[in-house]
Number of protein chains: 2
Amino acid sequence: MTERDESLQQADRFARAREAQSMALLEDYVELVSDLLAEHGEARIADIASRMGVAQPTATKAVARLKREGLATARPYRGVFLTDEGAALADRVRARHRTVVALLIAVGVPEETAELDAEGIEHHVSDRTLAAFEQFLKGR
Amino acid sequence: MTERDESLQQADRFARAREAQSMALLEDYVELVSDLLAEHGEARIADIASRMGVAQPTATKAVARLKREGLATARPYRGVFLTDEGAALADRVRARHRTVVALLIAVGVPEETAELDAEGIEHHVSDRTLAAFEQFLKGR
DNA sequence: GTGTATTTATAGCCTTGGCTATACCTGATA
DNA sequence: TATCAGGTATAGCCAAGGCTATAAATACAC
């Protein structure tokens, strides 16, 4: 492979990582809304904000983006709900999170640290890598 | 633990992930500058831009931020160089990247996928997790 | 049913990290 | 050495994701 090709490939990797990053917040919010709906039967803006550790207008903005992306529905002053697509995404994200935490623990990471790091790591775990993690966990 | 405590803890995790993210680009640029210096003896803005897959002014801006953070030095129309701190960071980042790739491969991730995913994952791997990875790789 | 407290929305600001277009150096060549 | 091509900087734009302050709507208590 020429040096130029390597450079292009590296640029692609960075582009991919940037794109994953733009999905990450969306995923976090969707999962959180799903959690709140399961726990309390509703997802209020105030709860979303406090669980995400952001100010309330930030949560409002994020929900607007979820709506724009077709992942959630919300009427003013009412709670937030997930579309089918949003709910499916939430399930995938939750499963991936659990797998990442389990993998980290399996290779010797302390449980608390695993939870902390998984929050950032999970968004960059591709389907192939996720499959490998599951295989590894199964085969122990 | 009360529900409120759990919520606070979760908010902290998100805050941590957000902070890690703000370091990630800095780390990528520092490592790239280090690579270019090693390969070509100099790090030109144009090369940085093409390897990062961004437009040239974006690279210029990033270098300005590196300077602001005390990681690099640069004079207009001259190349970019790393401070001692920047060079040390580059070394740590490079080592961490290698360890993450190695760990992914060790648990069964295909090599190419490992390289792809590591680019995003590495920035969220804490020192504790890194240590666990190294331990795991050694003990096989 | 009125008034107040709480919750949500809106306005407006900041920084980061992208971009394009354009101006400005610098170095190589004729 | 004058010119010009290429590399770099600057200006100015955008979207995302934070924030505070404030307006508006809802819900609850009396």
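Residue numbers start from 1 in every chain, and the chains themselves are labelled A, B, ... in the order their sequence lines are given, proteins ahead of strands. All figures in this text were calculated on a predicted structure; none of them were measured in a lab.
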**Student:** To the nearest Å, how far apart are I45(A) CD1 and dA24(D) C1'?
**Tutor:** 15 Å
**Student:** Taking E42(B) first and then R78(B), would you say they form a salt bridge - that is, a charged N and a carboxylate O separated by under 4.0 Å?
**Tutor:** no
**Student:** Just checking, is any N or O donor in the side chain of H123(A) or Q21(B) under 3.5 Å from an acceptor N or O on the other one?
**Tutor:** no
**Student:** More 5' along DNA chain C: E69(B) or G53(B), using each one's nearest nucleotide?
**Tutor:** E69(B)
**Student:** Applying a 4.0 Å non-hydrogen cut-off, can you work out what A46(B) is touching in the nucleic acid: base, sugar-phosphate, or nothing?
**Tutor:** sugar-phosphate
**Student:** Check whether any side-chain N or O of R78(A) sits under 4.0 Å from OP1 or OP2 of dA27(D), and answer yes or no.
**Tutor:** yes
**Student:** Check R98(B) with E122(B), please: is the shortest side-chain N to carboxylate O separation under 4.0 Å?
**Tutor:** no
**Student:** Does T60(A) place a side-chain N or O at less than 4.0 Å from the phosphate oxygens OP1/OP2 of dA9(C)?
**Tutor:** yes
**Student:** Does dT16(C) have OP1 or OP2 under 4.0 Å away from a side-chain N or O of R68(B)?
**Tutor:** yes
**Student:** So, R51(A) and E39(A), do they make that salt bridge, N to O below 4.0 Å?
**Tutor:** yes
**Student:** Given atom CG of L25(B) and atom P of dG18(C), what is their separation to the nearest angstrom?
**Tutor:** 5 Å
**Student:** For D47(B) and for S22(A), locate the closest nucleotide of DNA chain D by heavy-atom distance; then report the residue assigned to the nucleotide nearer the 5' terminus.
**Tutor:** D47(B)
**Student:** Which is more 5' along DNA chain D, the nucleotide nearest Q56(A) or the one nearest Y29(A)? Just name the residue.
**Tutor:** Y29(A)
